[in-house]
Amino acid sequence: MKRILISAFIFFVAAGFIYKAAAQQNVKLAADAKIDKIEILKSARKMNVYQNGALLKTYKIALGPNPVGPKEMQGDGKTPEGIYKVDGKNPNSLYHKNLGVSYPNADDITRAKKLGKNPGGDIKIHGIGKTYGYLGASHALYDWTLGCIAVTNEEIDEIYAHTPIGTEIEIKP
């Protein structure tokens, strides 16, 4: 009986943490929120958005199929690492909407040149598109992009609405 009670206690505590995390994911940004920094944590598969240094929200993300290490060249399936900016916004992307990432920066170009390769480009923070929109948050269980950062369509709608061009993006290992 003691084992059952302990197991039940552990189950309900764990369920509470899961519920709290899920509830935080569903909290919408305030109408007047302005994202001034985006932080991508590749190994944790998370994206944090900030306003004036305060964490506004965390999103689960999917990356490229070869996410370990910085992007070295076009076609390597890696998501870049470094400091970038939002350099454009596309409301009619193949993947619903997107924010452009100012990849490659000077470090990325130097790294690719040393390898005799093209650094590539066209890195975005985007949704999952019409075809796979039904997957919702489960899309983040698999790294499926070509090096981009993906969130759900509903999440990119929210991020897109609150992020101006020029916003800093820091992509960490």
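The structure displayed is predicted, hence computed values, not measured ones.
Ile35 is listed as a side-chain neighbour of Leu29, based on a closest heavy-atom distance under 4.5 Å. Counting heavy atoms from C-beta outward, Lys85 and Glu168 have side chains that approach closer than 4.5 Å. Contact of the His139 side chain with the Trp144 side chain is registered, since non-hydrogen atoms from C-beta on lie closer than 4.5 Å. With contacts defined as side-chain heavy-atom distances shorter than 4.5 Å, the pair Val86/Val101 does not qualify. Looking only at side-chain heavy atoms (C-beta outward), Met47 and Val151 come within less than 4.5 Å of each other.
By the 4.0 Å N-to-carboxylate-O rule, Glu170 lies close enough to Lys37 to be salt-bridged with it. We find that Lys57 and Glu155 are not joined by a salt bridge, their nearest charged nitrogen and carboxylate oxygen being 4.0 Å or further apart. Salt-bridge formation is not detected for the pair Lys117/Glu72: no Lys NZ or Arg NE/NH1/NH2 atom is positioned less than 4.0 Å from an Asp or Glu carboxylate oxygen. The existence of a salt bridge linking Glu81 and Lys71 is excluded, since no basic side-chain nitrogen approaches an acidic carboxylate oxygen closer than 4.0 Å.
Checking Asp36 against Gln51 by side-chain atom types alone, no donor-acceptor pair falls below 3.5 Å. Using modelled atom types and a 3.5 Å distance limit, the side chains of Asp108 and Tyr84 yield a donor-acceptor pair. Between the side chains of Ser93 and Asn98, a donor-acceptor pair is found at a separation under 3.5 Å.
Atom-to-atom distance recorded for Asp76:CG and Leu115:CG is 9.5 Å, nearest 0.5 angstrom. If you take CD1 on Ile169 and OG on Ser102, they are separated by 6.5 Å, rounding to the nearest 0.5 Å. Put simply, CG on Asn90 and CG on Leu99 are 10.0 Å apart, with the number rounded to the nearest 0.5 Å. Here the CG atom belonging to Leu94 is positioned 12.0 Å from the CD1 atom belonging to Ile128, to the nearest 0.5 angstrom. Distance check, rounded to the nearest 0.5 Å: CG of Leu146 to CD of Gln74 gives 10.5 Å. To the nearest 0.5 Å, atom CD of residue Glu154 and atom NE2 of residue His96 are 7.0 Å apart.
Between Pro164 and Lys34 the shortest heavy-atom distance is CG-CE, 3.6 Å. For the pair Asp122 and Lys124, the tightest heavy-atom approach, listed with the atom from each and the gap, is OD1-CE, 3.1 Å. Considering every non-hydrogen atom in both Pro104 and Gly121, the closest pair reads CD-CA, 4.5 Å. Here the closest heavy-atom approach between residue Asp143 and residue Leu63 is recorded as OD1-N, 2.9 Å. The nearest pair of heavy atoms linking Pro65 to Thr145 is CD-O, 2.8 Å. Between Ile171 and Lys42, the shortest heavy-atom distance links the atoms CG2-CD, 3.7 Å.
Following chains of ILVMFWY side-chain contacts shorter than 4.5 Å, one cannot reach Ile61 starting from Tyr50, and the two form parts of different hydrophobic clusters. The hydrophobic clustering, which links ILVMFWY residues whose side-chain heavy atoms are closer than 4.5 Å, places Ile156 and Leu41 apart. No single ILVMFWY cluster, assembled from side-chain heavy atoms under 4.5 Å apart, contains both Ile83 and Ile109. Leu55 and Tyr59 fall into different hydrophobic clusters, defined by Ile, Leu, Val, Met, Phe, Trp and Tyr side-chain heavy atoms under 4.5 Å apart, directly or through other members. Neither Met73 nor Tyr103 shares a network with the other; the hydrophobic side chains, linked directly or stepwise wherever heavy atoms of I, L, V, M, F, W or Y lie under 4.5 Å apart, form separate groups for each.
Atom CG of Leu135 has more than 12 heavy atoms from other residues, nucleotides or ligands within 6.0 Å.
Aromatic ring pairs are classed by plane angle as parallel below 30°, tilted from 30° to 60° and perpendicular above 60°; the pair Tyr95 and His126 is parallel.
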Show, in sequence, the C-alpha distance, side-chain angles and deciding distance for Arg45 and Lys60, and conclude whether the side-chain contact (heavy atoms from CB on, under 4.5 Å) test is met. CA-CA 6 Å; Arg45 302 300 189 279; Lys60 292 179 183 175; over 6 Å; no
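Looking at Thr167, its side chain never comes within 3.5 Å of a backbone N or O of Thr163 through a donor-acceptor pair.
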